[in-house]
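All remarks here apply to the structure that follows.
These numbers were taken from a predicted model, which means no experiment stands behind them.
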Amino acid sequence: MTHSIVILAAGEGKRMRSARPKVLADLAGRPLLAHVIDTARTLGPEHIVIVVHGQGGQLIRADFPDSDLAWAEQAERLGTADAVHAALAELPKEGSVLVLYGDVPLLQADTLAPLLDSADRGELAVLTARLDDPFGYGRIVRDEAGAVQKIVEQRDANEAERRIDEVNTGVMAAPVDRLAQWIPRIENDNAQGEYYLTDILALAVADGVKVRTVEAGDAASTAGVNNRAQLADAERELRRRRAASLMEAGVTLVDPGRIDVRGHLECGHDVHIEPNCIFEGRVVLGSGVRVDAGVVIRESWVGDGAHLRAYSVIEHARIGAEAVVGPYARLRPGTELGEASHVGNFVELKNSRLGHGSKANHLAYLGDAEIGDHVNVGAGVITCNYDGANKHKTVIGDDAFIGSDCPLVAPVTIGEGATIGAGSTVTADVPPGKLVLARSRQTTIEGWERPRKTHSDPDKQ
């Protein structure tokens, strides 16, 4: 059976108070719509059609250039049925179709799969939820035998109908040919003057088509995002889910309420994560990794047993096993740390490799550098890699010792086992095994006196 998915993304979202379409609002580092598309793809549809409108639609298309997505334009915002009608031209004439919403990001595939199964059997399937406070939602109206009769929107419901706690989530699945027959029969004689997709339920009942409801086990997953407060609620729920998944996999989270996974976090066994850490994009933590408080990691790989100390920022880097980073270190893109290497407080690396067992423990900048094994880099060392127009490389051989406060003016090579005395400015290659000093001799000036003020200081009177 051919499966298609339609995602409605034409809503303006005025309550978000944003110049951008609502479905592009950021949730865990990605647009709301991206989460919905991911879920849709896990269901394996042959077609995914996204319905957009106007200038906002152009912005949405620009953010999602994926070749597996088809697009439909809703000329006017005349309701959900009108939006689905716009998508029909992009759908095959047979098979089943599932309708999702671009601002409902937390639904999961295992909740939605039964809807498609029902549609494959020729049924109309509707996803419902039970809410303690159903205000604003369409109510599921059943007869005395429990069979679904219709959906009544909040504005059109009477007092008895408003007391119903089973609500329509808007998500439904149907055979494509049935949907194409029902939508032209929908009328807009309601408080909003819109064409409601939910009206097909009553049409299905009238046509003798079986209506099946699937109740979402987790009502929070069906919530739409219409304003900033609801966006924050969705963020908390997604954070809770991901924390629960990590702990179930054996990760220790000191405070599950204070971890942000804005992408995909893969962990080995016995990983320990302190509060307020942020993981963006794809991050891999090997077994036994410890991440201290406030660490931010983006698109990086961390080897077994590494220790990332507090408030370090790591992006597009590879960190070897047993390495130690931080606190307050910054690893910029292109950084590679060898096994058992150490990068200490206020050390920054960019496009550089620090070899096995090498250390840069204090206040250094190492950019565009190839640093060998067992090298010591002292405090205040800088690779002067930029001449104002081009970047140049610094190469430091194994077992070299770079004393404190040494600018290394690239391009320059320091040989294996060489020693650079503290305070030296290195502008030429250094032979292996040699000691290099590049500083003036210290001189004491006898008889010198510090200058004195020539007028009185009123603050000291």
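- Here Ile314 contributes atom CD1 and His316 contributes atom NE2; the two are 12.5 Å apart, rounded to the nearest 0.5 Å.
- Panel note: side chain Arg30, backbone Leu27; no donor-acceptor pair is recorded below 3.5 Å.
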Exercise for review: Starting from the C-alpha separation in whole Å, work towards a yes-or-no answer on side chain to side chain contact (heavy atoms under 4.5 Å, CB included) for Tyr137 and Leu131.
Suggested key: CA-CA 9 Å; Tyr137 286 85; Leu131 303 178; 3.5 Å; yes

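- Here the shortest heavy-atom pairing between Ser424 and Val436 reads OG-O, 3.9 Å.
- The closest side-chain donor-acceptor pair between Glu166 and Thr128 falls under 3.5 angstrom.
- Residues Val104 and Thr169 have side chains not in contact (no heavy-atom distance under 4.5 Å, counting atoms from C-beta outward).
- When side chains are defined from C-beta on, Asp120 counts as touching His3, because their heavy atoms get closer than 4.5 Å.
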Exercise for review: Please test Val171 against Tyr101 for side chain to side chain contact (heavy atoms under 4.5 Å, CB included), starting from the C-alpha separation and ending with a verdict.
Suggested key: CA-CA 7 Å; Val171 174; Tyr101 295 81; 4.2 Å; yes

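- A donor-acceptor contact shorter than 3.5 Å links the side chain of Glu235 to the backbone of Ala28.
- Proximity of Thr394 to Asn385: side-chain heavy atoms (C-beta onward) are nowhere separated by under 4.5 Å.
- The backbone N or O of Gly54 lies less than 3.5 Å from a partner atom in the side chain of Glu73, making a donor-acceptor pair.
- Contact annotation: the side chain of Gln230 never approaches that of Asp103 to less than 4.5 Å [non-hydrogen atoms, C-beta and beyond].
- Here OG of Ser96 is found 11.5 Å from CD of Glu123. Values are rounded to the nearest 0.5 Å.
- Between Phe346 and the options Tyr328, Tyr311, Tyr365, a ring pair (Phe, Tyr, Trp, His ring centres under 6.0 Å) holds for only Tyr328.
- Closest approach of Ala216 and Thr222 over heavy atoms only: CB-CG2, 3.6 Å.
- Ionic pairing of Arg130 and Asp165 is present here: one or more N-O contacts between side-chain nitrogen and carboxylate oxygen are shorter than 4.0 angstrom.
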Review point. Which is it for Ser287 and Asp270 under the side chain to side chain donor-acceptor pair (under 3.5 Å) test, yes or no, and what are the steps along the way?
Key: CA-CA 6 Å; Ser287 296; Asp270 298 315; over 6 Å; no

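- In terms of heavy atoms, Ala369 sits closest to Thr383 at CB-CG2, 4.3 Å.
- Without hydrogens or angle criteria, Ser358 side chain to His374 main chain gives a donor-acceptor distance under 3.5 Å.
- Looking only at distances, a side-chain donor or acceptor of His356 sits under 3.5 Å from a matching main-chain atom of Glu339.
- When each of Glu299, Glu348, Glu315 is checked for a salt bridge (charged side-chain N to carboxylate O under 4.0 Å, His left out) with Arg332, only Glu348 meets the rule.
- Looking only at side-chain heavy atoms (C-beta outward), Asp399 and Glu416 stay at 4.5 Å or farther from each other.
- Look at Arg318 and Glu336 and you find no salt bridge, because none of the NZ, NE, NH1 or NH2 atoms lies under 4.0 Å from a carboxylate O.
- Interatomic distance, CG of Leu107 versus OG of Ser221, reported as 5.0 Å (0.5 Å rounding).
- With a 4.5 Å cut-off on side-chain heavy atoms, Arg239 and Val261 do not count as touching.
- There is a side-chain donor-acceptor pair under 3.5 Å between Thr198 and Glu153.
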Point to revise | Test side chain to side chain contact (heavy atoms under 4.5 Å, CB included) applied to Val412 and Asp429, step by step | key: CA-CA 5 Å; Val412 68; Asp429 291 351; 3.8 Å; yes

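- We find the OG1-CE distance between Thr213 and Met172 to be 11.5 Å, quoted to the nearest 0.5 Å.
- Across all non-hydrogen atoms, the minimal contact from Pro114 to Val214 is CB-CG2, 4.3 Å.
- Of the options Val395, Thr419, Val375, Ile402, a side-chain contact (heavy atoms from CB on, under 4.5 Å) to Ile414 is made by Ile402 and by none of the others.
- Checking each of Lys350, Lys391, Lys393 against Asp368 for a side-chain hydrogen bond (donor to acceptor under 3.5 Å, both in side chains) leaves exactly one that passes, namely Lys350.
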Point to revise | Derivation and outcome, side chain to side chain contact (heavy atoms under 4.5 Å, CB included), residues Leu265 and Arg242 | key: CA-CA 9 Å; Leu265 175 59; Arg242 290 176 171 175; over 6 Å; no

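- A donor-acceptor pair under 3.5 Å is formed between the side chain of Arg77 and the backbone N or O of Ala10.
- Ser300 places a side-chain N or O within donor-acceptor distance of the main-chain N or O of Arg298, the cut-off being under 3.5 Å.
- How far CG of Leu354 is from CD of Glu370: 10.0 Å, rounded to the nearest 0.5 Å.
- The closest side-chain heavy-atom distance from Phe279 to Leu285 is below 4.5 Å.
- For the pair Arg241 and Asp218, the salt-bridge criterion is met [side-chain N within less than 4.0 Å of a carboxylate O].
- Taking each heavy atom of Ser341 and Gly355 in turn, the nearest pair found is CB-O, 3.6 Å.
- No side-chain donor-acceptor contact under 3.5 Å links Asp66 to the backbone of Asp68.
- For the pair Arg139 (side chain) and Ile164 (backbone), a donor-acceptor distance under 3.5 Å is present.
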Review point. Where do Arg439 and Asp405 land on the salt bridge (Lys or Arg N to Asp or Glu O under 4.0 Å) test, with the steps shown first?
Key: CA-CA 11 Å; Arg439 62 188 185 219; Asp405 196 26; over 6 Å; no

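- The two residues Gly372 and Asp398 come nearest to each other via the heavy atoms CA-OD1, 3.2 Å.
- Within the 4.5 Å cutoff, the side chain of Arg290 has heavy atoms near those of the His272 side chain.
- Glu322 contributes no side-chain N or O that, together with a main-chain N or O of Gly357, makes up a donor-acceptor pair within less than 3.5 Å.
- With values rounded to the nearest 0.5 angstrom, Leu106 atom CG is found 8.0 Å from His35 atom NE2.
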